[in-house]
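To keep things clear, I will list the structure first and then write my remarks on it.
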Amino acid sequence: MTEAGVKNIVFSSSATVYGNPGVAKYTEDLPTSPINVYGQTKLFVEKILLDLKKSDPTWRIALLRYFNPVGAHFSGLIGEDPAGIPNNLMPFVAQVAIGKLEKLRVFGNDYPTPDGTGLRDYIHVEDLASGHLKALNKLSQTEEVITVNLGTGRAYSVLEMIKAFELASGKTIPYEIVERRSGDLAEYYADPEKAKSKLDWVAKHDILKMCEDTWRWQKNSQ
Ligand SMILES: O=c1ccn([C@@H]2O[C@H](COP(=O)(O)OP(=O)(O)O[C@H]3O[C@H](CO)[C@@H](O)[C@H](O)[C@H]3O)[C@@H](O)[C@H]2O)c(=O)[nH]1
């Protein structure tokens with residue numbers, strides 16, 4: 001990048017850097033203490049970039065901590081096509097809806113949440129993309145490192161996601177409740193206020209739109 005004269009970098013970090021901070025609403029000033037290797041790699045890169053800034057203050061750096069990215073481009077032409085059996089909820093649900101997988105396994109319904117299933121802050125990939133553009137704009141105006149959450153500030157349960165996907169697709173999603181997945185937290189979501197005040201960014205797309213766009217992509221990509 002230095003050779004090319006490019007000194008602006010937007011890093012795709014993750015809410016996973018917070019680990020298990022003991023509160024559900026994540027603000028950027030919470031301590032970072034990842035509980036898995038993936039989170040450690042994200043935090044490590046954040047630290048390398050902060051060191052880079054110290055050694056050469058002309059770098060301009062944004063650290064964007066994504067919550068749970070889902071959805072697809074509204075055209076239905078660009079989306080996520082995971083290799084093998086998906087690990088994440090949304091692509092798994094989409095493949096059940098299309099008939100590629102038989103049923104969803106819901107990992108636990110005994111969490112301390114309203115319906116017992118895990119709550120996450122799902123964010124449409126197009127909102128994530130607009131967050132990057134806002135971050136790039138901001139980098140042209142500030143020397144400060146920008147560290148912000150990209151999430152909607154609203155969490156949905158696994159059962160709510162299933163219902164929303166059924167509505168978007170007109171399909172029934174068969175599911176069974178199984179044991180909790182090791183390492184899963186009951187609930188977390190972004191405090192999106194800093195992204196709003198620093199970047200003038202707010203997520204616009206709701207859960208139904210996330211499911212509709214995923215479904216359009218899933219149907220097109222058969
Ligand atoms: O087959 C499945 C898959 C997931 N879940 C549940 O669905 C929710 C979401 O799970 P998933 O889509 O796997 O996302 P997370 O485990 O929350 O992790 C995602 O979100 C993190 C950031 O918040 C990223 O760091 C991770 O890479 C990304 O996978 C959780 O409550 C899971 O227990 C199921 O019940 N069944």
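We count ligands from 1, going down the list as the structure has it; atoms in each ligand are counted the same way.
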Could you check whether any side-chain N or O of [X] sits under 3.5 Å from a backbone N or O of [Y], counting only pairs where one atom can act as donor and the other as acceptor?
{"X": "Lys134", "Y": "Asp200", "result": "yes"}
{"X": "Asp191", "Y": "Glu193", "result": "yes"}
{"X": "Asn109", "Y": "Thr117", "result": "no"}
{"X": "Asp127", "Y": "Lys204", "result": "yes"}
{"X": "Glu166", "Y": "Ile173", "result": "yes"}

Closest to atom 12 (O) of ligand 1 among Ile123, Thr113, Leu89 (heavy-atom distance): Leu89
For [atom], grab the closest protein heavy atom and report residue, atom and distance to one decimal in Å.
{"atom": "atom 22 (C) of ligand 1", "result": "Phe67 O, 3.5 Å"}
{"atom": "atom 6 (C) of ligand 1", "result": "Val158 CG2, 3.7 Å"}
{"atom": "atom 32 (C) of ligand 1", "result": "Asp184 OD2, 3.4 Å"}
{"atom": "atom 26 (C) of ligand 1", "result": "Tyr38 CE2, 4.2 Å"}
{"atom": "atom 5 (N) of ligand 1", "result": "Phe107 CD1, 3.6 Å"}
{"atom": "atom 25 (O) of ligand 1", "result": "Thr16 OG1, 2.3 Å"}
{"atom": "atom 16 (O) of ligand 1", "result": "Arg181 NH2, 3.0 Å"}
{"atom": "atom 18 (O) of ligand 1", "result": "Asn68 ND2, 4.0 Å"}

Within reach of ligand 1, part of Asn88 (heavy-atom separation under 4.0 Å): both
For ligand 1, the portion of Leu119 having any non-hydrogen atom under 4.0 Å away: neither
Can you give me the closest heavy-atom contact between [X] and [Y], atom names plus distance?
{"X": "Met210", "Y": "His205", "result": "CE-O, 3.4 Å"}
{"X": "Phe11", "Y": "Lys42", "result": "CE2-O, 3.6 Å"}
{"X": "Leu43", "Y": "Pro34", "result": "CD2-CD, 3.5 Å"}

Cation-pi geometry met for Arg154 and Tyr156 (6.0 Å, 45°): yes
Within 45° cone of Tyr26 ring axis and under 6.0 Å: Arg65 NZ or CZ: no
Aromatic plane relationship, Tyr66 with His132 - under 30° parallel, 30 to 60° tilted, over 60° perpendicular: perpendicular
Just jot down the ligand 1 atoms closer than 4.0 angstrom to any heavy atom of [X], in number order.
{"X": "Asn87", "value": "3 (C), 13 (O)"}
{"X": "Arg105", "value": "1 (O), 2 (C), 34 (C), 35 (O), 36 (N)"}
{"X": "Gly118", "value": "31 (O)"}
{"X": "Val106", "value": "35 (O)"}

contact_flag Tyr111 ligand 1 heavy-atom lt 4.0 Å: no
Test item, Tyr122 contacting ligand 1 (heavy atom, 4.0 angstrom): yes
Sub-3.5 Å N/O-N/O distance, Ala15 and ligand 1: no
